[in-house]
Amino acid sequence: MTGRIVTGAHYGLRDWLAQRITAVIMAVYTIIAVSVLLSGHPITYAVWRDLFAQGWMRVATLLFMASLAWHAWVGVRDILMDYIQPAGLRLTLEVGVLLTIAAYVGWTIQILWR
Amino acid sequence: MSEAAVKTVRKPRPKYLNLQALIFEIRLPLPGWISILHRISGALLFVALVWLLWMLDVSLSSEAAFNKIKHYAGLWPVKLSLLVLVWAYAHHFCAGIRYLFLDLDKGLDLETARLTSWIVLGASLALTAFLGWKLW
């Protein structure tokens, strides 16, 4: 069947793509963060505080958390769709997950810019 | 209806999938194990994030608090839990990269898929050992 018109809201493709793009962002952050932490000096409070005092680290960490929020939402929603069949329970859990993710992001901002 | 007609051949009943069957009788192929471990590690990391954020929060609040967290992270149950999370992250990371290549239609044939599954399994365990050794 050629020339088939694909209809729908396309949010399936959007989320699928978003999960992969956010994965790459988090992977890059992880490699940078691990290299910074393993390069050289032992981690004292001063080193730790100064690392998170830098603007780029704060922004990068926030970007990481924003990526994690979207990535985890797609992933956990997939798990709930597979294993939780009753609609009411699934909706309740989905709302719980969304609130948890929002709290994670809010808390991260609070930690980074205190 | 004759007696013979009633005694028709019985169809085998569909197998009921209890936990025992799922664990011991259905042999999940290696790429399947990578897949379910990717899911389990992802869910674990999502749940554990509240604990990790708490530790980050406390460790950045003051020098005394930082040292408290350092001591706390050295206790063996905490250390063990952190190592499990390091493994979960490493596995999710390595398996995720494998899936990105699969999405690009790379490594789809059986032999390569099995090989990359072993690599994911081995690399994530090696990374866990290395980071565990570096951290403590």
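The model shown is predicted, which means the values in this text are computed figures rather than measured ones.
- For CH2 of W33(B), the number of neighbouring non-hydrogen atoms (other residues, nucleotides, ligands) closer than 6.0 Å is 12 at most.
- Contact annotation for L53(B): both backbone and side-chain heavy atoms come within less than 4.5 Å of a heavy atom of chain A.
- Note on L83(B): it clusters hydrophobically with L85(B), by side-chain heavy-atom contacts below 4.5 Å among ILVMFWY residues.
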Q: For F93(B) and I31(A), run side-chain contact (heavy atoms from CB on, under 4.5 Å): C-alpha distance rounded to whole Å, both residues' side-chain angles, the deciding distance at 0.1 Å, then the answer.
A: CA-CA 10 Å; F93(B) 184 96; I31(A) 291 168; 4.1 Å; yes

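- Put simply, the side chain of K134(B) does not reach to within 4.5 Å of the side chain of V34(A), judged on heavy atoms.
- Proximity to chain A (any heavy atom under 4.5 Å) is shown, for Y99(B), by neither the backbone nor the side chain.
- The hydrophobic cluster containing W51(B) also contains L60(B), counting ILVMFWY residues as joined when their side-chain heavy atoms lie under 4.5 angstrom apart, directly or transitively.
- Atoms NE2 and NE2, from H92(B) and H71(A) in turn, are 4.0 Å apart once rounded to the nearest 0.5 Å.
- The main-chain N or O of V50(B) is found under 3.5 Å from a side-chain atom of Y104(A) such that the two form a donor-acceptor pair.
- Enclosure of atom CH2 in W113(A) by more than 12 non-hydrogen atoms of other residues, nucleotides or ligands within 6.0 angstrom is indicated.
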Q) Could you go step by step and tell me if D78(A) and R39(B) meet the side-chain contact (heavy atoms from CB on, under 4.5 Å) rule? A) CA-CA 10 Å; D78(A) 282 351; R39(B) 181 163 269 201; 4.1 Å; yes

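- Distance check: S61(B) OG to R49(A) CZ gives 12.0 Å after rounding to the nearest 0.5 Å.
- For chain A, the option among N67(B), L45(B), L56(B) with the highest count of heavy-atom pairs below 4.5 Å is L56(B).
- At a 4.5 Å heavy-atom cutoff, the contact between W48(A) and chain B is made by backbone and side-chain atoms alike.
- Applying the 6.0 Å contact sphere to CD of E111(B) captures no more than 12 heavy atoms from other residues, nucleotides or ligands.
- Under a hydrophobic clustering in which Ile, Leu, Val, Met, Phe, Trp and Tyr are joined whenever their side-chain heavy atoms come within less than 4.5 Å, directly or via other members, M81(A) and L93(A) fall into different clusters.
- The hydrophobic cluster containing V28(A) does not contain L63(A), counting ILVMFWY residues as joined when their side-chain heavy atoms lie under 4.5 angstrom apart, directly or transitively.
- With hydrophobic clusters built from ILVMFWY side chains whose heavy atoms lie under 4.5 angstrom apart, V59(A) does not share a cluster with L62(A).
- The 12-atom threshold is exceeded at CZ of R58(A), counting heavy atoms of other residues, nucleotides or ligands nearer than 6.0 Å.
- In this structure, the side-chain hydrogen bond (donor to acceptor under 3.5 Å, both in side chains) partners of W56(A), at least two apart in sequence or on a different chain, are Q54(A).
- The neighbour count for K106(B) NZ, taken as heavy atoms of other residues, nucleotides or ligands under 6.0 Å away, does not exceed 12.
- Looking at F46(B), both its backbone and its side chain come within 4.5 Å of chain A, counting heavy atoms on both sides.
- In this structure, D57(B) pairs ionically with R114(A), as a charged nitrogen and a carboxylate oxygen lie closer than 4.0 Å.
- Within a 6.0 Å radius of CZ in F101(B), other residues, nucleotides and ligands contribute 12 heavy atoms or fewer.
- Only the side chain of W16(A) comes within less than 4.5 Å of a heavy atom in chain B; its backbone stays farther off.
- Among L37(A), T44(A), T108(A), V24(A), the residue making the largest number of heavy-atom pairs under 4.5 Å with chain B is T44(A).
- The shortest side-chain heavy-atom distance between F130(B) and L38(A) falls under the 4.5 Å cut-off.
- Here Y45(A) contributes atom OH and S62(B) contributes atom OG; the two are 6.0 Å apart, rounded to the nearest 0.5 Å.
- For A27(A), the parts lying under 4.5 angstrom from a heavy atom of chain B are both the backbone and the side chain.
- Counting only heavy atoms from C-beta outward, the side chains of L49(B) and T100(A) never approach each other to under 4.5 Å.
- Using a 4.5 Å cut-off between heavy atoms, V47(B) touches chain A through its backbone atoms (N, CA, C, O) alone.
- Closest of all the heavy-atom pairs between I43(A) and F66(B) is O-CZ, 3.7 Å.
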**Q.** Stepwise side-chain hydrogen bond (donor to acceptor under 3.5 Å, both in side chains) check, Y89(B) with T30(A)
**A.** CA-CA 10 Å; Y89(B) 199 100; T30(A) 303; 2.6 Å; yes

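- For W118(B), the CH2 atom is loosely surrounded, since the number of other residues' heavy atoms within 6.0 Å does not exceed 12.
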